[in-house]
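Notes follow once the structure below has been shown.
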Amino acid sequence: MRLLILGPPGVGKGTQAVKISKVFKIPHISTGDILREAVKNKTEVGIKANEYMGKGELVPDSVVIELIKDRIKNKDCQNGYLLDGFPRTLGQAKALDTVLSELNTRLDKVIQLYADEDEIVIRLTGRRLCNNCGRNYHVKYLAPKKESVCDDCGATLSQREDDTEKIVRNRLQVYDKKTKDLIDYYKEKNILVSVDAGRQIDTIANEILKKLNNISLCSGQS
Ligand code: AMP
């Protein structure tokens with residue numbers, strides 16, 4: 001299964017990607033995670049990417065395309081992968097098509113998640129992360145027992161720099177301007193499945209799986 005998960009920031013792509021990639025036993029590849037790691041390690045890519053990420057802008061296509069090209073050629077991607085947060089522009093989508101055809105492969109499905117914008121702002125601005133073990137929380141929906149402290153490891157929780165309201169609004173505008181067109185791009189290729197992400201996490205995951213399996217069975221793919 002070569003999958004891609006698409007939708008505005010904060011719609012729950014990462015959460016669903018973890019679940020779906022486990023079911024299909026394929027690596028979950030998030031360009032946001034790769035870039036954040038590069039920023040943390042102060043690599044050349046990280047230093048460059050940080051200028052854009054801090055403002056909620058997109059990192060230049062050339063940078064992320066190279067990252068993904070290298071990543072999907074890895075051995076662990078031979079049986080598929082789930083891309084999360086890439087592509088985000090038409091240029092990236094076309095570059096991905098080129099790499100896929102060079103590798104004699106293609107995307108099986110693109111999962112589009114959608115939700116109400118005000119709900120997305122609440123989700124993102126309330127999101128907190130454990131600096132130590134990586135567990136996710138939400139100040140309202142998934143609060144830790146003790147404020148700002150991880151239930152599992154006791155470390156301090158923090159907020160992603162780009163989860164403040166001003167930057168969240170900018171990220172949503174960037175999505176509308178640059179990424180939304182990809183929905184039509186993949187719809188025309190007949191590989192898009194759309195799922196309402198304004199519901200419980202497991203309900204959403206089940207619907208994604210149902211839609212993927214149904215379509216796979218109909219088209220005779222595994
Ligand atoms: P995410 O974790 O997917 O919300 O990504 C966080 C930030 O990383 C984005 O706001 C962008 O600055 C950058 N980023 C992640 N993926 C891409 C991409 N495919 N193209 C450009 N920038 C990206």
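Remember, predicted model here, so these are calculated numbers, not experimental data. Counting convention: from 1, in listed order, for ligands and their atoms alike.
Summary of contacts: the protein heavy atom closest to atom 8 (O) of ligand 1 is M53 CE, 3.5 Å. Of all protein heavy atoms, the one lying nearest to atom 14 (N) of ligand 1 is L35 CD1, 3.5 Å. Nearest protein heavy-atom contact of atom 16 (N) of ligand 1 is T31 OG1, 2.8 Å. The shortest contact between atom 20 (N) of ligand 1 and any protein heavy atom is with Q92 NE2, 2.9 Å. The shortest contact between atom 19 (N) of ligand 1 and any protein heavy atom is with G85 O, 2.8 Å. Shortest contact from atom 22 (N) of ligand 1 to any protein heavy atom: V59 N, 3.0 Å. Among protein heavy atoms, the minimum distance from atom 11 (C) of ligand 1 is reached at E57 O, 3.5 Å.
Interatomic distance, CZ of R135 versus CG of L142, reported as 6.5 Å (0.5 Å rounding).
Note on D76 versus R71: salt bridge recorded, some NZ/NE/NH1/NH2 to OD/OE distance being below 4.0 Å. We find that R88 and D61 are not joined by a salt bridge, their nearest charged nitrogen and carboxylate oxygen being 4.0 Å or further apart. In summary, D33 and R36 engage in a salt bridge, as defined by a charged side-chain N under 4.0 Å from a carboxylate O. Taking the charged nitrogens against the carboxylate oxygens, K69 and E66 do have a contact shorter than 4.0 Å, which makes a salt bridge.
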Please lay out, stage by stage, how R123 and D163 fare under the test salt bridge (charged side-chain N to carboxylate O under 4.0 Å, His left out). CA-CA 9 Å; R123 280 194 202 178; D163 277 348; over 6 Å; no
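Contact between D162 and R171 at its shortest, heavy atoms only, is O-NH1, 2.7 Å.
Contact between R160 and ligand 1 is present, with at least one heavy atom of the residue lying under 4.0 Å from the ligand.
Between L90 and Y185 the shortest side-chain heavy-atom distance falls below 4.5 Å.
Counting heavy atoms under 4.0 Å from ligand 1, residue V64 touches it through the side chain alone. Both the backbone and the side chain of L58 come within 4.0 Å of ligand 1, judged by heavy-atom distances.
Here the shortest heavy-atom distance to atom 9 (C) of ligand 1, taken over R88, R36, K13, E51, belongs to R88.
Contact atoms of ligand 1 toward R171: 4 (O) (distance under 4.0 Å to a heavy atom of the residue).
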